[in-house]
Each structure stands twice: as structure tokens, then as C-alpha cells.
**Q** 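Sending over a structure as C-alpha cells; questions will come in a sec.
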Protein chains: 2
Amino acid sequence: MIRIKDIAKLANVSTATISYVLNDSGSVSLETRNKVLKVVADLNYKPNNIAKSLKLKKTNTIGVIVEDITVFNSPEIVDGINDYANTENQSIILTNMRLFKHTGQNFLYQPDSHVEYAQRAMKELMSKQVDGIIYVGIHTRELTNLFNNLQIPIVYTYCYANDQPDLSVNYDDEFGAYDATKYLIDRGHEKIALISGPIDSDPTRLRFNGYYKAIMEHQLIFEPNDIKTGNWEFDSGFTLAKELLQVAKPATAILAMNDLMASGAIHACAELGLSVPRDVSIIGFDNREFSGHLTPALTTMDLPLHELGTQSMSTLLALINKDELPHNPIKPRCKLIERDSVASVSK
Amino acid sequence: MIRIKDIAKLANVSTATISYVLNDSGSVSLETRNKVLKVVADLNYKPNNIAKSLKLKKTNTIGVIVEDITVFNSPEIVDGINDYANTENQSIILTNMRLFKHTGQNFLYQPDSHVEYAQRAMKELMSKQVDGIIYVGIHTRELTNLFNNLQIPIVYTYCYANDQPDLSVNYDDEFGAYDATKYLIDRGHEKIALISGPIDSDPTRLRFNGYYKAIMEHQLIFEPNDIKTGNWEFDSGFTLAKELLQVAKPATAILAMNDLMASGAIHACAELGLSVPRDVSIIGFDNREFSGHLTPALTTMDLPLHELGTQSMSTLLALINKDELPHNPIKPRCKLIERDSVASVSK
DNA sequence: CTGAAAGCGCTTACAG
DNA sequence: CTGAAAGCGCTTACAG
């Protein structure tokens, strides 16, 4: 391992000078500068950033706490974080809480072990002196008080903390559901059923708002019987779609609040001998990879995950540099992916 | 930020003593030990590992270079790395080359930019003084000479370097294909077609070997016309399955070398009016998430990705600690996932 | 059992 | 334009 001191000796200058040329700081004559650079190249010198960080009290390293890297939303968000980090020369320390692997579907109801994992992760990152933290959730939900008296900037994404709303980066759930519903309405559907997530979930409420707004705005009839509450899983989509469809005058379209339930709905139609989209149109949410492989390929809302990552990173960097934060930042928008599960209604 | 020096002053001992109790090294009387611990707790002291690393020339941090975190194999491998790292108190610096995003399907043929990204990643990790590196590929292929004169331990997974075969961790491709083929044979299939990847791909060759071995071992007839060379994409599975099936005496089963091509084959059957699995059985490879959502749900080989991660990590740590490496380590095995796309042949 | 001191590889305010 | 020196927060060989 070759040090600045070795360069200094060979180049016959002080270590200060080496540092100046390496960092383009101070003023160094062209001659000594070239001399130093030559020795640096000859010895294939690689700076030790750990020493630099200790001195400067800045690591240019961001801690990323991800609740579970194997859950579908995480890799794209991390990719966005990396994308932005590369342009800003920031490194990423990744801690993966493996929440879903540890607790399965129950992760929402295991606050104790959750807190323990989170604080362990935080402790590790603090000891590594990261300049800030991005916390990546696996479900949009309230996480205030997960960490007590933070001593370091943090931004949340795919989840949020009420005590720092400007530091939570999430996409526009309501607008996404509004758009999906409107897409159906534009194709002549007037009776649009909804398979929702659990009531105590934020995305459920927001997506319901979007749905309701589109229905009202187009003077359609809001029919409570066409709203069914599911649990995000395939089976609930399957069961609820059947209930929805086996009535006297069924809806002509179903908006499922995620792709898993939409898939259940598609399979329910197959079982009922109904053709999608000829007899009933189905639209999902999330644009999971599998959604394009369903039969028929599912029309669904794509989540702006990559953008969540870049926006988290830019927000965090602004925090770290004490730049002014945009006050009401625009929430990234979902994008409709048109495939084969929606048809116009024939009048 | 509170330092060891602050603790020392309040506890009326030297900084050396603080260090001893914090690290359980040296010998400290119970009395002073408790006194120190109390001050540490009172001040909520958090050690600065960057300073420790500088002194010890060891960071307990592993650099993970992943070619693309958004490609399906990567998250599970990283999860395995994290899993093992947690038990060994290692941190992970993640650099994501975003290879697929940068170059798309052509990543195999863009060696120049690949080398550039890789060396930039390596440089970043070296400057952070990581103790070792795990390189996670997105396609099993030869990567010798990607890095010139390495000064740090590295292990490759989901790819390999010929100059250090013991440091490349990959699953047993051949055995996986053998198992899949045998599964079909056990169900009475005697004419089994194969949709392969490109010939210049290592997994193609290894999987072909496994297929061939199972055919020979069971004294079936090897029929070259039943072997078609695809390109891993849906379309090639679709096209080739049609060719395979529209002959006088078609195979009763198709082994596709990945799930994407298997999906294409399923769709080809639908178009030909053939029922899967009644008329033809289809088996895939990879166990991609979508494979369970196909109609019918695809029987396929699951890749031991998590294990690839843990084994990479244990190998790397052995390297770093200069422990002896197992000489011919067992390759992690694929596991057959039985779903609905394979039936027994009726005699 | 405890402490004084050197040193890990950098940066920078200051003096010349 | 250049260098001597202090200091970032730790650890540890050594002396007592």
C-alpha cells in the first residue's frame, strides 16, 4: 500500500504539496505539479479515502436501509439511488433488513422486531459515519418514531414519517388510481368495480380517493356494492372477483389495487367462463414483471420506482449540503401500461 | 459527536482503558470497567469505525459489484450476501454498474464500456479500503482479465474467471438440466425436445450436457432435429416451439433452457390449439417470478441464488482470513418446482 | 491493572 | 509557490 508520504519522498516535495495537486487545491507550479503526477502514475498510487474521511468528517457515503431487497419495489429504487449517486460521486452502504424474509406477510404487525432490525442497521451506518440515510420501505406506511432522536439526515421512500413530511418521497397514488379509472371511463365503462387493499393501508385510501374522484367527476353512479376489500393477495382477488361478477347486473370493468389481485380476478373470469377483456375488462396496479405474462397480458399502472430513488437521493443530498429543499415537491407519477386486458364497451 | 477522549475525561481514566473495555481486550478491573460503561451509556457514545479502520487497516467491509441490480438474479444473491454478512458483522458497499440499463440486450457484446464501468467500481471500492470484493454477474460467463493485477481478494458469482476457478461460485447447471430431463423421462416421455440458448453461452453448453446425459443414461434416442437454438427471449421460444411441434411425429415434451422461452412455447401451443400439459409438457429453467403466473403455471428449475450469495461470502471471508479454502467445493443445486405444465404420457 | 505516546494516511491553517 | 506541523478518533506495544 503506497502512501502520500512515499510520493512526497520520490518527488522531493512535502506531503502537503501532494495533497494540493491531488485535490486541485492550493496553488502549485505547473512544474512541481507534473513531477508529482508522474510519480503518482508510476507508483499507481490509490488514495485512502478512509483517512481522508476521518480528517474531513465527511465520507461521501450514503447509508441505504432497505426493508427487503427481494421485494419487487426495492431493486428499481436502489437502482435509482445508484444512478444519482454515481453522478454525484457518492458511495452506498447497503443494509438489508430482510424484513419480509424474517416475518413473511406479517411484517406489518411485528413492530418490535422491526424496530430492532432498524436500529441495528442505523447503528451500523452511524459507526461507518455515513453522511445521511435513505430508508426504503416495502409498503407505503407510517413509520414515525422508528428511530429515536436522529443525529443524521434521513429520507424515507416507499413509506413515510409524519414528523418530516417533506423528507418522505412517494409517488402519487391518488392520481394513479384516478388515471386508471378514467382510462376505463374513457372506454365507455360506466359500472366499474373496485377490489381494494385492506382499509388500514394508506395506498388503499389514496387509491380509493382517486377512483372516487374519477367516478364523481364523470357523473357516474357510485355503487358501494361494487367495492370489495381484499388483502393484496391472489386469492382475495380471485374470490372477490367472483362475488362481484355473480350478480344480476355485474360491472363491466374491475380495477384491482394491485397486480396480484388482478391476476386472481383474471383467473376468476376464466373459471366463470367469462372472457377478458371481451366480457369484462380488468386493470391492475404496480406493473409487476409477471403482469405482462398473464393471459391476457394485464393493463396496469407502472410505479415510478427509479424516480423514487433519484428523488430520494437528490433530497438527501440537499439536506446534507443544507441547501434549500423544494417546499411542495411534485410527487412522481404512475404511468399506464396498455396491454390486453381492457376493451371498450360496445354500446 | 462524542469521542473516546470525552469518555476518558469523565471517567477519569486514559483513552487506552476505554478502548480496552470497549473491545474486551487488555485486562481491566471490574470497577473501572463498570465506571467506563456507565459513562459510555450516559453519553450514548457511538464508536467511529472509520478511525478504527484507519488504525487497524481493516474495515470489515466488503465491496459488492453487481452488474445490474434490476436483473432477476441479483436481488436474491445480494440477499444471500447480506444474510451471511450480518452474521459475521460485515458491512456491504454496493456498486451497481447498471450494465443492462446502459447497454440493454447487447451487454455481452460491449466489452469496452463493461471494462470501464468495472474498473471505475473497483477504484471506488479500493479507495474505501474494502477488505474484499464479490462480483455478481447477470449471465454466467467468462470474465478473466476484467481486472488487471488485483491487489485485493475477489470472488465471482453468476460468472467466473478462469484464472481463479476456486474463487468462482456458480450453481450446478448440468445437474439441473439433467434433473429436469429425468423428471420428464420418469413421467414416460421418450421424445423430449430442447429449446436451448445461444451456442456460445456456457449455461447452454452445460445444460445441454445434462440433457444429453439423461437421454443417454435412459437409452432414449437422441434426435438432433429436436434440438433448436434460441436466444433466451420469448419470441425465440414461441417460434421454435412451433417448428418443433409442426412435424409428423412431434416430441411429447419440451425442455426450454429458460422461463422466457418456455413462456413463448406455452403461447405457441395455445396458438396451435395444443393443450399444455395434456398434449405437450413444458418445463422451464430459472423459476422467474412470472413463471408461476403463466397459464398453465410453469414447472421449472429454481436457481439457488440465495446460496450463491452466502457461499460467495463465506469463500471471500476465508480468503481474507487466509483460511484454507475447500478444494472442490460442492456447487449449489437447482431445485425442481413442480407446477402444472408437465403431465405423464398416457401409454 | 493502568497510562503515555506513537501512529494509521490524510488535509489545511499558517508561516515564510 | 512550498513545507512543517497539528490533528481527525481510534488501537496497542510498552513501561510501570
Side-chain angles (χ1 to χ4, degrees), chain A residues 1-37 39-40 43-61 91 123-131 151-152, chain B residues 1-37 39-40 43-61 91 123-131 151-152:
Chain A
M1 167 102 273
I2 126 124
R3 295 114 61 222
I4 234 177
K5 200 197 275 190
D6 304 315
I7 312 283
K9 188 171 292 177
L10 287 197
N12 261 314
V13 292
S14 72
T15 59
T17 301
I18 310 294
S19 177
Y20 293 142
V21 348
L22 255 22
N23 294 297
D24 265 324
S25 59
S27 43
V28 181
S29 73
L30 191 61
E31 191 189 2
T32 50
R33 182 182 157 78
N34 286 335
K35 189 171 55 175
V36 167
L37 254 18
V39 180
V40 164
L43 298 197
N44 190 22
Y45 166 75
K46 298 252 178 27
N48 181 333
N49 266 317
I50 230 96
K52 179 170 181 168
S53 294
L54 178 61
K55 175 67 185 168
L56 261 33
K57 293 166 169 294
K58 185 148 200 291
T59 53
N60 292 314
T61 302
S91 299
K123 200 173 160 193
E124 176 192 340
L125 294 173
M126 296 280 293
S127 79
K128 295 283 184 187
Q129 311 298 114
V130 297
D131 297 333
Q151 337 198 7
I152 190 178
Chain B
M1 167 100 275
I2 124 122
R3 295 114 60 221
I4 235 180
K5 200 197 275 189
D6 304 313
I7 311 281
K9 189 170 290 176
L10 287 196
N12 261 312
V13 292
S14 72
T15 58
T17 301
I18 310 294
S19 177
Y20 293 142
V21 350
L22 256 21
N23 293 298
D24 265 325
S25 59
S27 44
V28 182
S29 74
L30 193 61
E31 192 186 2
T32 50
R33 183 183 157 79
N34 285 335
K35 189 170 57 176
V36 167
L37 253 18
V39 180
V40 164
L43 298 196
N44 189 21
Y45 166 75
K46 300 254 179 24
N48 180 332
N49 265 318
I50 229 97
K52 181 170 180 168
S53 295
L54 178 59
K55 175 64 187 170
L56 261 34
K57 293 167 170 294
K58 184 148 201 293
T59 54
N60 292 313
T61 301
S91 298
K123 199 171 162 193
E124 177 193 339
L125 294 174
M126 295 281 292
S127 78
K128 296 282 183 189
Q129 311 297 118
V130 298
D131 297 332
Q151 338 197 4
I152 191 179

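None of these values were measured; they are calculated from a predicted model. Chain A is the first sequence line, chain B the second, and so forth, proteins listed ahead of strands; every chain is numbered from 1.
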**Q** Mind checking A:Lys55 for me? I need base, sugar-phosphate or nothing, with any heavy atom below 4.0 Å counting as a touch.
**A**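 Contact class for A:Lys55: base.
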**Q** Using 4.0 Å as the upper bound for N to carboxylate O, is an ion pair formed by B:Asp6 and B:Arg3?
**A**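 A salt bridge is present here (some side-chain N lies under 4.0 Å from a carboxylate O).
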**Q** More than 12 non-hydrogen atoms from neighbouring residues, nucleotides or ligands closer than 6.0 Å to NZ on A:Lys5, yes or no?
**A**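 Not buried by this count: 12 neighbours or fewer within 6.0 Å.
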**Q** What does B:Leu54 touch in the nucleic acid at a heavy-atom separation under 4.0 angstrom: a base, only the sugar-phosphate, or nothing?
**A**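 Base, at least one base heavy atom under 4.0 Å.
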**Q** Are A:Ile4 and A:Tyr45 close enough that some pair of their side-chain heavy atoms sits under 4.5 Å apart?
**A**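 Yes; the side chains approach each other to less than 4.5 Å.
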**Q** Classify the nucleic acid contact of A:Ser29 as base, sugar-phosphate or nothing, counting any heavy atom under 4.0 Å across all strands shown.
**A**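 It contacts sugar-phosphate atoms only.
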**Q** Within the structure shown, what part of the strands sits under 4.0 Å from A:Ser19 by heavy-atom distance: base, sugar-phosphate, or nothing?
**A**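 Base contact - A:Ser19 has a heavy atom under 4.0 Å of at least one base atom.
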**Q** Going 5' to 3' along DNA chain D, which are the first and last nucleotides with any atom under 4.0 Å from a heavy atom of chain A?
**A**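 Counting from the 5' end, contacts occupy D:dC1 to D:dG9.
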**Q** Just do the side chain to side chain contact (heavy atoms under 4.5 Å, CB included) check on B:Thr17 and B:Lys35 with the steps written out, would you?
**A** CA-CA 11 Å; B:Thr17 301; B:Lys35 189 170 57 176; over 6 Å; no
**Q** Nearest nucleotide by nearest heavy atom, which residue falls closer to the 5' end of DNA chain C, B:Ser14 or A:Lys5?
**A**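 Counting from the 5' end, the first nearest nucleotide belongs to B:Ser14.
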**Q** Which of these passes side chain to side chain contact (heavy atoms under 4.5 Å, CB included) with A:Lys52: A:Asn23, A:Asn60, A:Leu22?
**A**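 Result: among A:Asn23, A:Asn60, A:Leu22, A:Asn23 is the only option passing the side chain to side chain contact (heavy atoms under 4.5 Å, CB included) with A:Lys52.
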**Q** For A:Asn49, report the nucleic acid contact type (base, sugar-phosphate, nothing); a contact means any heavy atom under 4.0 Å.
**A**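 If one applies the 4.0 Å heavy-atom cut-off, A:Asn49 turns out to touch nothing in the nucleic acid.
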**Q** Tell me which one of B:Leu54, B:Val130, B:Thr61 satisfies side chain to side chain contact (heavy atoms under 4.5 Å, CB included) with A:Ile50.
**A**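 Answer to the side chain to side chain contact (heavy atoms under 4.5 Å, CB included) test with A:Ile50 among B:Leu54, B:Val130, B:Thr61: B:Leu54.
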**Q** Measure the spacing between NZ of A:Lys46 and CD of B:Gln129 and express it to the nearest 0.5 Å.
**A**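 Result: 10.5 Å between the selected atoms.
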**Q** Please convert DNA chain D into dot-bracket. A pair counts if it is Watson-Crick or G-U wobble with both distances under 3.5 Å; crossing pairs go in [ ] and bases paired with another strand get |.
**A** |||.||||||||.|||
**Q** Hey, does A:Ser25 reach any base, or is it just sugar-phosphate, or nothing, if we go heavy atoms under 4.0 Å?
**A**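 Nothing: the residue A:Ser25, judged by heavy atoms under 4.0 Å, touches no strand.
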**Q** With a 4.0 Å cut-off on heavy atoms, is A:Lys52 in touch with a base, just the backbone sugar-phosphate, or nothing at all?
**A**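 It contacts sugar-phosphate atoms only.
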**Q** Nearest 0.5 angstrom please: B:Leu37 CG to B:Leu30 CG, how far?
**A**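 Taking CG in B:Leu37 and CG in B:Leu30, the distance rounds to 9.5 Å.
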**Q** In Å, rounded to the nearest 0.5 Å, how long is the span from CG of A:Asp131 to OG of A:Ser53?
**A**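 Answer for the CG-OG pair, A:Asp131 versus A:Ser53, is 8.0 Å.
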**Q** Quick check on DNA chain D: between B:Tyr20 and B:Lys46, whose nearest nucleotide comes earlier from the 5' end?
**A**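 So the residue in question is B:Lys46.
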**Q** Pick the closest DNA chain C nucleotide for B:Lys57 and for B:Thr17 by heavy atoms, then say which residue is nearer the 5' end.
**A**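 Here B:Thr17 is the residue nearer the 5' end.
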